[in-house]
Amino acid sequence: MVTQEHESLLSETERSQGRVALRNNVAAASALADAVRSTLGPKGLDKMLVSGEGGVTVTNDGVTVLETAQVEHPTAKMLIAQSSAQDREAGDGTTSTVILTAELLQNALELIEMGVHPTLVEKGYRLASKEAMNHLQEISREATEEDSLRSVMTSLSGKSDEGVRRHLSQLAVSAATALATEINGKIEADPTLVKKVNDGGRPSTESELVSGLVIAKEPIHPEMEMFPDGGKILILDGGISRRKPDLDISLKVTDIGMTSALNAQELEDIKNRVDVITATGCNLLCARDGIDDDARGMLLDAGITAYRRIEKPDLELLARTTGALVVHEPTLAKREDLGNFTSLNTQTWNDVSQMQLIGSEKGGLTLVVRGTTKTRIDEVSRGFDDASGVACGLVRDPRILPGGGATQMALARHLRKIAPTVPGREQLAIEAFSGALESIPRILAENAGLSPLDEVLRLNAAQEKGGDWIGLNMYSGETESMYDAGIIEPLAVSLNAISGAMEAAVSVLRIDDVLWANQDPSIPDWEKADGSAGET
Ligand code: ADP
Ligand code: MG
């Protein structure tokens with residue numbers, strides 16, 4: 001019973017409960033999936049995204065569409081967060097995750113409307129997902145080097161043209177190889193160690209990887225030297241600026257002598273800091289903030305090359321690639337904080353002078369992103385992120401699965417086989433899970449202009465005969481071996497997508513009460529209309 005007092009507590013909110021809440025949430029998930037389903041697969045269409053300021057992005061990347069969309073519905077937001085997590089963790093499979101989640105929810109709703117309790121649906125879904133994870137490993141195979149390249153290329157299918165795709169995939173695989181390091185007995189490769197700089201005016205296929213970090217900065221004094229044979233670096237998360245006298249009283253400076261005394265004190269203060277920096281024995285100083293003009297000459301005289309106003313992410317990359325410890329205050333700088341670099345040079349691209357530093361540690365790679373327009377450069381840059389995410393993922397776990405809907409179809413077939421062995425209504429949920437998986441080959445076919453129903457039947461039959469690696473090749477229109485066709489995906493992408501979609505769907509199923517703050521002007525109209533129907 002809701003007491004009067006409680007009622008009044010909720011007077012500022014709109015509320016939907018039970019079945020209505022679930023229906024609304026499922027509708028939101030489906031609406032979101034509908035927004036990206038046409039981008040799935042190599043024949044997916046592009047979306048043109050127009051920002052409030054009129055900026056235009058053309059993409060067929062699901063997560064880009066979702067992250068750009070201004071979505072207010074809480075369920076839709078949850079799904080977008082899930083898709084972003086997929087992007088971060090696996091580097092691919094973002095659209096598939098959203099589609100799977102929405103399909104799982106739709107099928108769950110059907111069961112619940114039939115009278116199956118949500119907890120039983122959840123139980124069945126968890127069982128199915130666990131079974132799917134196991135079966136995925138069985139279908140998977142170990143990738144050769146060539147397979148890695150082919151699977152990176154698959155992750156870019158539908159994006160850009162063949163030439164750019166091949167080029168970016170090769171760059172991504174080289175980057176992943178260069179970044180591979182052993183940490184606690186495991187091979188790791190971290191794609192965030194690649195720095196990107198843009199260089200307009202040349203075709204995308206001329207994008208290249210260069211060793212070290214390239215940062216569009218010049219030394220603070222033109223006579224400061226480069227160190228092609230390496231040296232020591234001090235990284236300062238701060239600057240060297242004049243400190244205002246630390247006094248509470250306000251001084252009335254009337255006397256000229258007093259001003260110059262103050263000035264002399266400030267100078268002395270700067271000199272002290274430069275002295276401490278010099279005493280560390282560094283050759284190179286990279287600072288986040290400004291460096292006072294008076295410090296410039298002192299650093300030059302001390303033989304230290306200095307760069308200022310380096311952005312925080314670049315500073316962090318510099319620290320990682322040189323092994324330096326970031327210092328926050330010049331007077332605290334110590335010799336042990338220094339990192340090592342093997343060379344410091346200047347490069348000029350597009351008339352912009354760039355610092356190029358090669359660190360002593362792993363990492364420190366820069367992708368020079370080229371393209372004739374800003375839009376093109378952005379697309380290439382996003383493409384490389386996808387590609388390097390996948391390539392680095394394969395360094396960690398080199399197992400691969402078939403694309404073209406083969407994996408999902410194989411899982412669906414497997415789950416259908418085991419469903420009857422599960423007693424009770426969970427069986428229905430396992431079948432529902434199986435149906436959700438089939439949405440992937442179905443939508444791939446649909447986006448290629450084929451009949452979704454016929455293609456799924458054809459694929460099912462073809463797998464019965466030819467095994468789990470048979471999928472739909474959208475370029476040739478054939479059902480054939482995905483391995484031979486080079487349509488390959490990392491195992492980790494599917495593992496992540498399936499478990500992520502299952503978790504997201506289950507957490508939506510558990511919601512039984514949605515409270516909207518009434519002040520929120522962004523409640524979608526259909527949400528209001530449904531919610532006010534008053535049904536529970
Ligand atoms: P996601 O964001 O989920 O990665 P994509 O638009 O990248 O979505 O599409 C990925 C799907 O397209 C995967 O299921 C993959 O197997 C499939 N795919 C890629 N290339 C082909 C192809 N040549 N033929 C059929 N399916 C393909
Ligand atoms: Mg993809």
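Remember, it's 1-based here, ligands and their atoms both numbered in the order they're listed.
The shortest N or O to N or O distance between T154 and ligand 1 is not below 3.5 Å. Residue-to-ligand polar distances keep Y475 apart from ligand 1: every N/O pair is separated by 3.5 Å or more. The N/O atoms of I440, backbone and side chain alike, include none that comes under 3.5 Å of an N/O atom in ligand 1. The distance criterion of under 3.5 Å between nitrogen or oxygen atoms is not met by Q408 with respect to ligand 1. Considering backbone and side-chain N/O atoms, G93 comes within less than 3.5 Å of an N/O atom of ligand 1. Checked by distance only, ligand 1 and S155 stay at 3.5 Å or farther apart across all their nitrogen or oxygen atoms. Considering backbone and side-chain atoms together, T97 places no N or O closer than 3.5 Å to any N or O of ligand 1. Below 3.5 Å of separation, one finds an N or O of G41 facing an N or O of ligand 1.
Salt bridge E379/R382: present, at least one basic N to carboxylate O contact under 4.0 Å. Between E438 and R442, no side-chain nitrogen of the basic residue sits less than 4.0 Å from a carboxylate oxygen of the acidic one, so the salt-bridge criterion is not met.
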Before giving the answer on side chain to side chain contact (heavy atoms under 4.5 Å, CB included), spell out for L213 and Q356 the whole-Å C-alpha distance, their side-chain angles and the decisive distance to 0.1 Å.
CA-CA 6 Å; L213 290 177; Q356 181 178 17; over 6 Å; no
Determine, step by step, whether K374 and D378 satisfy the salt bridge (Lys or Arg N to Asp or Glu O under 4.0 Å) criterion, reporting the C-alpha distance in whole Å, the side-chain angles of both residues, the deciding distance to 0.1 Å, and the verdict.
CA-CA 6 Å; K374 175 83 173 58; D378 290 347; 3.0 Å; yes
R510 vs E122, salt bridge (Lys or Arg N to Asp or Glu O under 4.0 Å): CA-CA, chis, key distance, verdict
CA-CA 9 Å; R510 286 193 179 158; E122 175 177 347; 2.6 Å; yes
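Here is the list of ligand 1 atoms found below 4.0 Å of a heavy atom in D92: 4 (O). Taking every non-hydrogen atom of S157 and a distance limit under 4.0 Å, the qualifying atoms of ligand 1 come out as 19 (C), 20 (N). For ligand 1, the atoms lying closer than 4.0 Å to a non-hydrogen atom of L40 are 3 (O), 6 (O), 8 (O), 9 (O). Ligand-side atoms of ligand 1 in range of G403: 16 (O), range being under 4.0 angstrom from any heavy atom. Of all atoms in ligand 1, numbered sequentially from 1 with element shown, those under 4.0 Å from a heavy atom of T94 are 1 (P), 2 (O), 3 (O).
Without hydrogens or angle criteria, D199 side chain to V368 main chain gives no donor-acceptor distance under 3.5 Å.
Protein N, O or S atom count below 2.8 Å of the Mg ion (ligand 2): the structure gives 1.
Rounded to the nearest 0.5 Å, atoms CD1 (I443) and OG1 (T95) are 10.0 Å apart. Note that the CG atom of N107 and the CD atom of E431 stand 11.0 Å from one another [nearest 0.5 Å]. Rounding to the nearest 0.5 Å gives a distance of 13.0 Å between CD of Q408 and CZ of R413.
Only the backbone of T39 comes within contact range of ligand 1, with a heavy atom under 4.0 Å; no side-chain atom does. With a heavy-atom cut-off of 4.0 Å, I487 touches ligand 1 through its side chain alone. Contacts between L472 and ligand 1, counted as non-hydrogen atom pairs separated by less than 4.0 Å, involve the backbone only.
The environment of K123 atom NZ is sparse: at most 12 non-hydrogen atoms of other residues, nucleotides or ligands sit within 6.0 angstrom.
A cation-pi geometry, defined here as NZ or CZ lying under 6.0 Å from the six-membered ring centre and within 45° of its normal, does not hold between R416 and F433.
Paired with S30 under the rule side chain to side chain donor-acceptor pair (under 3.5 Å), one option of Q106, R37, E103 passes, and it is Q106.
Note: H414 and H135 have parallel aromatic rings, judged against thresholds of 30 and 60 degrees for the angle between ring planes.
Looking at T407, L100, I488, T95 and measuring to atom 1 (P) of ligand 1, the nearest heavy atom belongs to T95.
Residues N473 and E480 bring a donor and an acceptor atom of their side chains to less than 3.5 Å of each other.
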